[in-house]
Amino acid sequence: MATFSILVTSAPFDSQGSNSALQFIRAAIESGHSISGVFFYQSAITNASAWQSPPADELQLHQEWLALHQAGVPLHVCATAAARRGILGADEAQAKNLSGTNLQEPVLASGLGQLMVLLNSDRLVQF
Amino acid sequence: MQSIAIINRHAPHGSSHGQEALDLALVAGSFGQEVGLFFIGDGVFQLLRQQQPETILRKNYSKTFAALEFYDINTIIVCQDSLKERGLGEDDLSVAVELLSPTALTTRLKQFQHIVSF
Amino acid sequence: MILHLLRSSPFSALDIAQSLALMDQDDGLLLMQDAVYALQGQDQPWFEQLQQRQGIYILKEDMQARGLSHCPSFIEQVDYSKFVTLTLTFDQVVTW
């Protein structure tokens, strides 16, 4: 059995990339492989937003990621790429005098260094 | 030691691909990873001299290419066909690169454990 | 051995030409997302290049989603489970 790390760089909803990533990860887990982690970078960082609110009859993508986390898949987002695009954890929001936060656990605000740690797996697949 | 090849395939400034690929390269370099930077297709435009993206309110990250060696990134490979197709030569580029044919470039790409593209 | 993941329609992007230019004999190509429209390119120059190669795959789910059903025999149809297996059959994966 192999270990996979998943790098998601395409924007959720705007492109199919996040959906493909979800389906790939589910298939990998079903085949008995393990996922070392998912790392959201570039426009994919909005996957991390807890404020994602699609219409009720559409895929609740953020919830799908949380379900994967429940199944043992660590979720990371590049904190710099996220902050650039308005996705902020509580501490950063407070530092900017902003009320509320759209980046919260179990999604971890990580540095790109975390992606280097994830390279320590058999395959890296980018979506 | 892990190794990572980073393919640049988009032109700079019109999108964020180049800047975030470079951010990743610098972190990978400072984490002691073996890094290969590859420029293919429109990605070769990243390396043009005398870019002035300030005029379009974008960050001038192209200056950073000259500093790559300080991050222990010494493998900078450009697809010679892509360069030629775009009316460019080695003299138009801001840093010293290895110019390779697509076949030779692929051989080098395969020496890296993981490949990402931007 | 590299597995190339092609995501854009070959009718609108040069990604297909770039990935084909970089492919060795033993490399593979998976048509996924909008790249599955490659099936409609019988008269296109890149289609002939695909035809001359081994290791061309297409993601069934992405075909079905787009109303495509006819697939020539030189392209192997795979589902997500086989897609996962393919990424392990090859040494590296690159996404276009």
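Note that the coordinates shown come from a computational prediction; the quantities given were computed from them, not determined experimentally.
Annotation for A:Glu58: atom CD counts as buried by contact number, over 12 foreign heavy atoms lying within 6.0 Å. Within 6.0 Å of CD1 on A:Ile29 lie more than 12 heavy atoms contributed by other residues, nucleotides or ligands. Surrounding CD of C:Glu48 are at most 12 heavy atoms belonging to other residues, nucleotides or ligands under 6.0 Å away. Atom CD of A:Gln60 has more than 12 neighbouring heavy atoms from other residues, nucleotides or ligands inside a 6.0 Å radius. Enclosure of atom CD in C:Gln77 by more than 12 non-hydrogen atoms of other residues, nucleotides or ligands within 6.0 angstrom is indicated. For A:Gln104, the CD atom sits in a packed shell: over 12 heavy atoms of surrounding residues, nucleotides or ligands are nearer than 6.0 Å. With a 6.0 Å radius and a threshold of 12 heavy atoms from other residues, nucleotides or ligands, C:Gln51 has its CD atom above the threshold. More than 12 heavy atoms of other residues, nucleotides or ligands shown are found within 6.0 angstrom of CD on C:Gln52.
Within the 4.5 angstrom heavy-atom criterion, only side-chain atoms of A:Ser10, from C-beta onward, approach chain C. Heavy atoms closer than 4.5 Å to chain C are found in both the backbone and the side chain of A:Gln16. Only the backbone of A:Leu124 comes within contact range of chain C, judged by heavy atoms closer than 4.5 Å. When heavy atoms are compared at a cutoff of 4.5 Å, C:Asp79 does not approach chain A at all.
Smallest separation of non-hydrogen atoms from C:Val84 and A:His33: CG1-CD2, 3.6 Å. Minimum heavy-atom separation, C:Met32 to A:Phe127: CE-CE2, 4.1 Å. Residues C:Ser81 and A:Ser31 share a closest heavy-atom pair of OG-OG, 4.0 Å.
Rounded to the nearest 0.5 angstrom, A:Arg123 CZ and C:Leu3 CG are separated by 10.0 Å. A distance of 10.0 Å separates CD in A:Gln23 from CZ in C:Phe83, rounded to the nearest 0.5 Å.
In this structure, the side chains of C:Arg7 and A:Ser20 stay at 4.5 Å or more apart for every pair of heavy atoms.
Of the listed residues (C:Leu59, C:Asp62, C:Asp34), the one with the most heavy-atom contacts under 4.5 Å to chain A is C:Asp62. Between chain A and the options C:Asp91, C:Thr85, C:Val93, C:Leu5, the largest number of non-hydrogen pairs under 4.5 Å is found for C:Asp91.
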